[in-house]
Number of protein chains: 2
Amino acid sequence: MSDVTIKDIARMAGVSHTTVSRALNDSPLINPETKERIKSIAGSLNYTPNYNAKSLVLDRSYNLGLFFTTLHQGTSSGFLYAALRGVNEVIKDGYNLIVRGIDDYTSFHHVNRKSFDGIIVMSQSAADQPFIEYAAQRAIPLIVLNRQIEMDGVWNLVPDDQSGAYRMTEYLLQCGHRRIAIIEGKPGFKSSHARKEGYLDALRSAGIEPEDELCMRGEYDFESGYQAMVRILELKDRPSAVFCSSDDMALGAVKAAAERGVRVPDDISVAGFDDTLYSAFITPALTTVRRPIEEMSRAGAEKLVAFIEKKHVEDHKRMFRTELVIRDSVKPISEGD
Amino acid sequence: MSDVTIKDIARMAGVSHTTVSRALNDSPLINPETKERIKSIAGSLNYTPNYNAKSLVLDRSYNLGLFFTTLHQGTSSGFLYAALRGVNEVIKDGYNLIVRGIDDYTSFHHVNRKSFDGIIVMSQSAADQPFIEYAAQRAIPLIVLNRQIEMDGVWNLVPDDQSGAYRMTEYLLQCGHRRIAIIEGKPGFKSSHARKEGYLDALRSAGIEPEDELCMRGEYDFESGYQAMVRILELKDRPSAVFCSSDDMALGAVKAAAERGVRVPDDISVAGFDDTLYSAFITPALTTVRRPIEEMSRAGAEKLVAFIEKKHVEDHKRMFRTELVIRDSVKPISEGD
DNA sequence: TCATGTTGTGCACACGTTAACAATCATCAG
DNA sequence: CTGATGATTGTTAACGTGTGCACAACATGA
């Protein structure tokens with residue numbers, strides 16, 4: 001059936017396979033009439049090039065990789081969907097999109113330049129670092145989304161955590177909160193720093209001097225959020241709102257409060273960050289900050305394809321605007337409270 | 001960097017490249033000592049085979065395709081996620097999983113046996129038919145999930161609609177409903193028939209003779225559900241519950257009821273089928289039947305890989321158990337009502 | 001007339017791998 | 001000692017495509 005090759009076409013057209021190859025690739029060397037004739041024969045034979053052979057000689061795979069930190073533990077379906085949609089919208093017919101969880105690989109043996117024209121890593125954790133370095137070292141065009149990273153030659157598109165945190169804090173202030181605690185992210189992480197800076201900026205803009213007492217260490221995970229909230233609730237002068245640097249920690253915070261008979265949001269407001277899927281389902285539904293996953297993915301894929309196809313690409317870093325998602329876990333406080 | 005080939009290894013080991021190829025592929029022809037020596041050289045050089053070259057000569061692509069009806073209009077993220085997880089769990093390191101929406105293709109040019117060792121179609125609509133036929137005609141190992149299909153040489157794994165409908169009806173009966181209407185699916189569709197049969201069986205098992213008056217035609221879509229519900233509400237002896245053969249129709253039915261001041265579930269109970277994503281979010285949250293997407297995907301991928309690797313595979317059709325999802329749109333009725 | 005393009009085409013090889021067949025060598029039966 | 005057998009390894013071609021170079025035909029300009 002589909003086993004017709006350029007040699008078959010060559011025989012029919014009475015030319016060499018070289019001419020056929022050139023004609024089908026629109027080489028300017030070929031006589032326009034010959035070219036048309038060859039193309040019409042190819043069309044009528046329903047010719048499809050053998051991409052494996054092309055790949056071999058052209059040193060291109062026509063494969064793009066979209067890698068997630070994990071596909072089976074923790075990645076939310078909404079996150080996956082948004083990323084896949086974003087990338088898929090952009091890539092042309094000529095590419096295959098290969099989707100995989102990094103933790104599915106027992107070795108990175110199959111990850112090399114011959115197999116991937118380019119790779120998009122939707123990074124959710126520092127556990128991806130070895131993979132990213134491996135790919136970078138193999139000189140595969142690489143773009144890392146979502147998680148901030150410092151590597152030369154690797155593009156990096158991340159959500160603007162700082163302004164997200166700024167606007168969330170601003171929102172809490174608008175709701176009348178004056179004493180607002182923060183539970184910080186993992187120490188040393190860029191995102192932790194950015195989110196805290198946004199928080200601090202917003203407070204200062206409102207003329208409120210941040211208090212060290214209200215800044216709690218966290219690790220981005222459920223447990224650390226729980227622990228931090230316990231400490232917050234023990235403060236003599238308890239804050240009326242807590243900004244958590246991740247939804248996971250917010251979940252822990254809500255649990256700690258509930259266990260101590262402190263109601264969210266009636267007694268204390270809790271805000272998160274990330275808008276993970278469950279955020280909408282828990283009680284109370286979490287007020288949080290959404291990261292623009294689909295937009296980032298689209299931009300990342302565009303950039304990657306443009307680079308592969310040799311168009312020049314300039315800037316290596318970019319921030320994407322985050323968005324406030326207002327649900328039920330933050331409550332305005334009336335003046336008299 | 002990674003450009004070491006078997007010829008390089010051959011030179012270092014003082015053998016021919018053929019010997020290297022055989023050694024690395026564990027051919028029994030090679031002296032065990034030589035084999036070990038070659039393997040260790042390959043390891044130390046960090047050798048990775050060029051899969052494009054392998055593909056060319058072995059006529060295998062190492063690619064599996066996972067195709068959805070669409071990725072950007074209607075496919076729910078949960079559905080996508082479940083399917084992807086199921087397939088991904090099964091496929092080995094040696095395969096690439098290519099994910100795509102069928103409606104993303106402007107032509108099926110890139111779909112051929114040289115580019116795909118096998119294809120899994122997660123079919124949500126009859127619109128996939130041309131794609132499925134195209135792939136089948138190209139002799140690509142093919143498995144169609146979720147939608148029943150009648151084609152030789154094409155595996156087909158579908159949810160057990162009949163028993164799902166049976167158990168839903170049974171549940172309605174347990175809730176005290178005696179007069180239960182059904183809105184049927186598209187005439188001529190296997191699934192419509194199966195769902196109706198399940199409904200009829202359950203009624204008869206409970207000693208209730210089905211009434212023609214309570215069987216309404218539908219088309220699986222919102223509008224037909226609306227129309228059918230209108231007719232149901234006009235019946236002199238109105239049923240206390242309506243089993244809709246799809247969530248879309250259930251949605252239409254709820255709307256028709258609401259517009260006429262009939263409350264769901266207080267005045268009438270409504271059940272759906274499919275567990276589409278929105279089913280949980282609408283008011284009232286829909287009691288429905290979930291299809292075992294992840295399980296089906298896993299089984300499908302296993303079957304496909306087994307076939308590609310020449311192990312014999314027997315049965316070509318299989319049903320998967322569906323699951324009742326109880327939410328708020330069905331209410332038990334007390335004896336006195 | 002002859003040197004010098006210009007235009008279109010083919011030859012031969014390359015890409016990295018596998019595999020049919022040939023070759024070598026040791027071993028063994030007679 | 002000799003031919004046969006079996007175990008290893010090498011030679012060579014093949015998979016389908018793209019490309020550097022040579023070449024033919026034909027036009028151009030002096």
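Labels below follow one simple rule: chain letters A, B, ... track the order of the sequence lines, proteins then strands, and each chain is numbered from 1.
If you check every strand for non-hydrogen atoms under 4.0 Å, A:Tyr51 touches nothing. Base contact: B:Val57 has a heavy atom under 4.0 Å from a base atom. At a threshold of 4.0 angstrom between heavy atoms, the contacts of B:Thr34 are confined to the sugar-phosphate backbone, with no base atom among them. Counting non-hydrogen atoms under 4.0 angstrom, A:Leu58 reaches the backbone sugars and phosphates but no base.
Between B:Glu302 and B:Arg298 there is no salt bridge, since none of the side-chain N atoms of the basic residue sits less than 4.0 Å from a carboxylate O of the acidic one. Salt bridge annotation for A:Asp26-A:Lys39: present, with a cationic side-chain nitrogen under 4.0 angstrom from a carboxylate oxygen. Using a 4.0 Å cut-off between charged side-chain N and carboxylate O, B:Arg60 and B:Asp117 make a salt bridge. With respect to A:Asp161 and A:Lys190, no salt bridge is recorded, no charged nitrogen being found less than 4.0 Å from a carboxylate O.
Applying the side-chain hydrogen bond (donor to acceptor under 3.5 Å, both in side chains) criterion to B:Asp152, with sequence neighbours excluded, gives no partner residue.
Residue order along DNA chain D, read from the 5' end via each residue's closest nucleotide, puts B:Thr18 first among A:Ala53 and B:Thr18. Each of A:Thr5 and B:Gly14 was assigned the nucleotide of DNA chain D with the nearest heavy atom; the assignment lying further toward the 5' end belongs to B:Gly14.
An OP1 or OP2 oxygen of D:dG10 is reached within less than 4.0 angstrom by a side-chain nitrogen or oxygen of B:Ser16. Regarding contacts with the backbone of D:dT17, a side-chain N or O of A:Tyr47 is found under 4.0 angstrom from either OP1 or OP2. Under 4.0 angstrom from either OP1 or OP2 of D:dG18 there lies at least one side-chain N or O belonging to A:Lys54.
The stretch residues 38-57 of chain A participates, sequence neighbours left out, in these ring-ring contact (aromatic ring centres under 6.0 Å, His included) pairs: A:Tyr51-A:Tyr62, A:Tyr51-B:His110. Within the structure, ring-ring contact (aromatic ring centres under 6.0 Å, His included) pairs that include any residue of residues 19-42 of chain B do not occur (at least two apart or interchain).
In this structure, A:Asp59 places its CG atom 18 Å from P of D:dT17, rounding to the nearest Å. In this structure, CG of A:Leu56 is placed 14 Å from C1' of D:dT19, rounded to the nearest angstrom. Rounded to whole angstrom, the span from the CG atom of A:Asn50 across to the P atom of D:dA14 amounts to 17 Å. Rounded to an integer number of Å, the gap from B:Asn112 CG to D:dG16 C1' is 13 Å.
For the helix from C:dT1-D:dA30 to C:dG30-D:dC1, the rotation axes defined at the first and last 5 base pairs enclose an angle of 60°, given to the nearest 10°.
Contact annotation: side chain of B:His17 to base of D:dG10, donor-acceptor pair absent below 3.5 Å.
Closest approach of A:Met122 and A:Asp128 over heavy atoms only: O-OD2, 4.5 Å. Taking each heavy atom of A:Lys303 and A:Leu157 in turn, the nearest pair found is CE-CD1, 4.1 Å. Across A:Leu64 and A:Phe116, no two heavy atoms sit closer than the pair C-CD2, 4.1 Å.
The cationic atom of B:Arg100 (NZ for Lys, CZ for Arg) does not lie both less than 6.0 Å from the six-membered ring centre of B:Phe68 and within 45° of the ring axis.
Within a 6.0 Å radius of CE in A:Met12, other residues, nucleotides and ligands contribute 12 heavy atoms or fewer.
Near-neighbour residues of DNA chain D inside residues 19-31 of chain B, defined by a heavy atom below 4.0 Å, number-ordered: B:Thr19, B:Arg22, B:Leu29, B:Ile30, B:Asn31.
Taking a heavy-atom distance under 4.0 Å as the criterion, the stretch of DNA chain C touched by chain A extends 5' to 3' from C:dG8 to C:dG16.
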